[in-house]
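Please read the structure below before turning to the comments.
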2 protein chains.
Amino acid sequence: MRRLSLYLRSLEELERAGVATVSSQELASRGGTTAAQVRKDLSHFGSFGKRGLGYGVPHLAGELRRILGLSRSWRVALVGAGRMGAALFEYPNFRDRGFRIVTVLDQDPEKVGKEWGGIVIRDVEGLESVLREVRAEIAILTVPGEVVQEVVDRVVDAGIRAILNFAPVRLRVPPGVVVNDVNMALELEALSFALARGARGR
Amino acid sequence: MRRLSLYLRSLEELERAGVATVSSQELASRGGTTAAQVRKDLSHFGSFGKRGLGYGVPHLAGELRRILGLSRSWRVALVGAGRMGAALFEYPNFRDRGFRIVTVLDQDPEKVGKEWGGIVIRDVEGLESVLREVRAEIAILTVPGEVVQEVVDRVVDAGIRAILNFAPVRLRVPPGVVVNDVNMALELEALSFALARGARGR
DNA sequence: GGATGTGAATGTCTTCACAGCT
DNA sequence: AGCTGTGAAGACATTCACATCC
């Protein structure tokens, strides 16, 4: 299902290029997979293509947006206004995909009150009320690992049910709350592993 | 094999706490998996435990570092000195794990020549010679998607065999070069998918 | 007794191959 | 003829269960 996102990206390119129809073969080569895989993936959610023809580009794009929940926009809270928070705040792909950062919070009194592109950084002290006030649905956490579990407990209390976590810590959340981890050190380690393996065996 | 990284993290905590020995059960609960899984994972690379006792914490940590290629340090080049590049440059977990950023490059003349923590930002113009000069082994790319393929071709020319890519673009590289993608928009979309799914079915 | 290491069983994901529309 | 949708086969990963050793 993360392949669906990749297919959608390809479809949007094709849409911009004005292409009307696309085959599973074409989507596969763009997405780095096989034609059979594309068809299986899509058929799991419905029957979107026409035999002998392929998939209608705008139609399939629409279906994928619906499936992925991207046909609407989401209200996102960013907790942690450090360097990583700043980078994510400016990340253009978020806004383009309907993820709107509606509030930024930090613990540092130096940062609280400052403005980022029209949004005032608020004190993490009042996290629960702020998150309710702005009706945030998703939280992005770029806070230090030592405090992230505490922040998680509080955003969950505030009604958040989806969390994108950048701290290299395993979070505990109640059932019904989804967590997604981005662990960049781990990604580098995967490269280190591949290089070390390549130098030794094979 | 990315579970190995998680085990190593747990082991380092235990090491700091002065724990001498650990069971697969304990490692499993910390890593969010099962005891059988831990044993299978480890046994794939060797026989590191003692029956009836468990695994020696320092010994297993050492073995994992060796397997993951973390018993040495790696020379990393950072291409793209934007906000994301700045965030990664300061990311403490990289240095702690032996990933040393030895050079930073950017295309913007405004940035070239500036210093980041003692490292002078260099012009991407001379990328090949700079990367050879500093003997970089891994490249982290935080450049715009429109130019990333060109940069990839050049870092590969310069002898780089491992790339961490932050652009939401599928890279083409010759065999023998490893690429790892970090796609943050995609991570948010996974949350959107889960929320949309939760609201509909189940 | 207690915990590992590992074949066997189970489950999940991917690929194959082809019937069935257009 | 061309390309989808899908059961069947195959590959891969996880879990079970137990013999083996400390």
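Per chain, numbering begins at 1; letters A, B, ... match sequence-line order.
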Whole angstrom value for the distance that separates [atom2] of [N] from [atom1] of [X]:
X: B:Asp41; N: D:dT14; atom1: CG; atom2: P; value: 7 Å
X: A:Arg39; N: C:dC18; atom1: CZ; atom2: P; value: 13 Å
X: A:Lys50; N: D:dG2; atom1: NZ; atom2: C1'; value: 15 Å
X: B:Gln25; N: C:dG5; atom1: CD; atom2: P; value: 15 Å
X: A:His44; N: D:dT4; atom1: NE2; atom2: P; value: 19 Å
X: A:Met1; N: C:dT14; atom1: CE; atom2: C1'; value: 15 Å
X: A:Glu63; N: D:dT4; atom1: CD; atom2: C1'; value: 16 Å
X: B:Lys40; N: C:dG5; atom1: NZ; atom2: P; value: 12 Å

Would you call B:Glu12-B:Arg16 a salt bridge at under 4.0 Å N-O?
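No, B:Glu12 and B:Arg16 are not salt-bridged.
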
B:Arg95/B:Glu90 ion pair, N-O < 4.0 Å
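B:Glu90 and B:Arg95: not salt-bridged.
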
Side chain of B:Arg51, heavy atoms from C-beta onward: which of C:dT4, D:dG5, D:dT4 has the nearest atom to it?
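Nucleotide nearest to B:Arg51's side chain: C:dT4.
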
C:dG5, D:dC3, C:dT15: which one has an atom nearest the side-chain heavy atoms of A:Gln37?
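Taking heavy atoms from C-beta onward, the closest nucleotide is C:dT15.
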
Between B:Asn183 and B:Glu187, is there a side-chain donor-acceptor contact under 3.5 Å, judged purely by atom types and distance?
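B:Glu187 vs B:Asn183: no donor-acceptor pair found between side chains.
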
Would you kindly say whether A:Arg39 and A:Ser24 are connected by a side-chain donor-acceptor distance under 3.5 Å?
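A:Arg39 vs A:Ser24: donor-acceptor pair found between side chains.
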
Closest-nucleotide mapping onto DNA chain D: is B:Gly52 or A:Gly54 further toward the 5' terminus? I mean the 5' end.
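Of the two residues, A:Gly54 wins.
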
Just N and O in the side chain of B:Tyr55: are any of them under 4.0 Å from OP1 or OP2 of C:dG5?
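Answer is yes, contact under 4.0 Å.
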
C:dA3 OP1/OP2 closer than 4.0 Å to side-chain N/O of B:Ser23:
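No, outside the criterion.
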
Could you tell me whether the side chain of B:Met84 reaches within less than 4.5 Å of the side chain of B:Phe89, counting heavy atoms only?
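The answer is no; the side chains never approach within 4.5 Å.
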
Residue whose nearest DNA chain C nucleotide is more 5′ - A:Thr34 or A:Leu53
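By nearest-heavy-atom nucleotide position, the 5'-most residue is A:Thr34.
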
Across the strands shown, which category fits B:Thr33 at heavy-atom distances under 4.0 angstrom: base, sugar-phosphate, nothing?
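No contact.
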
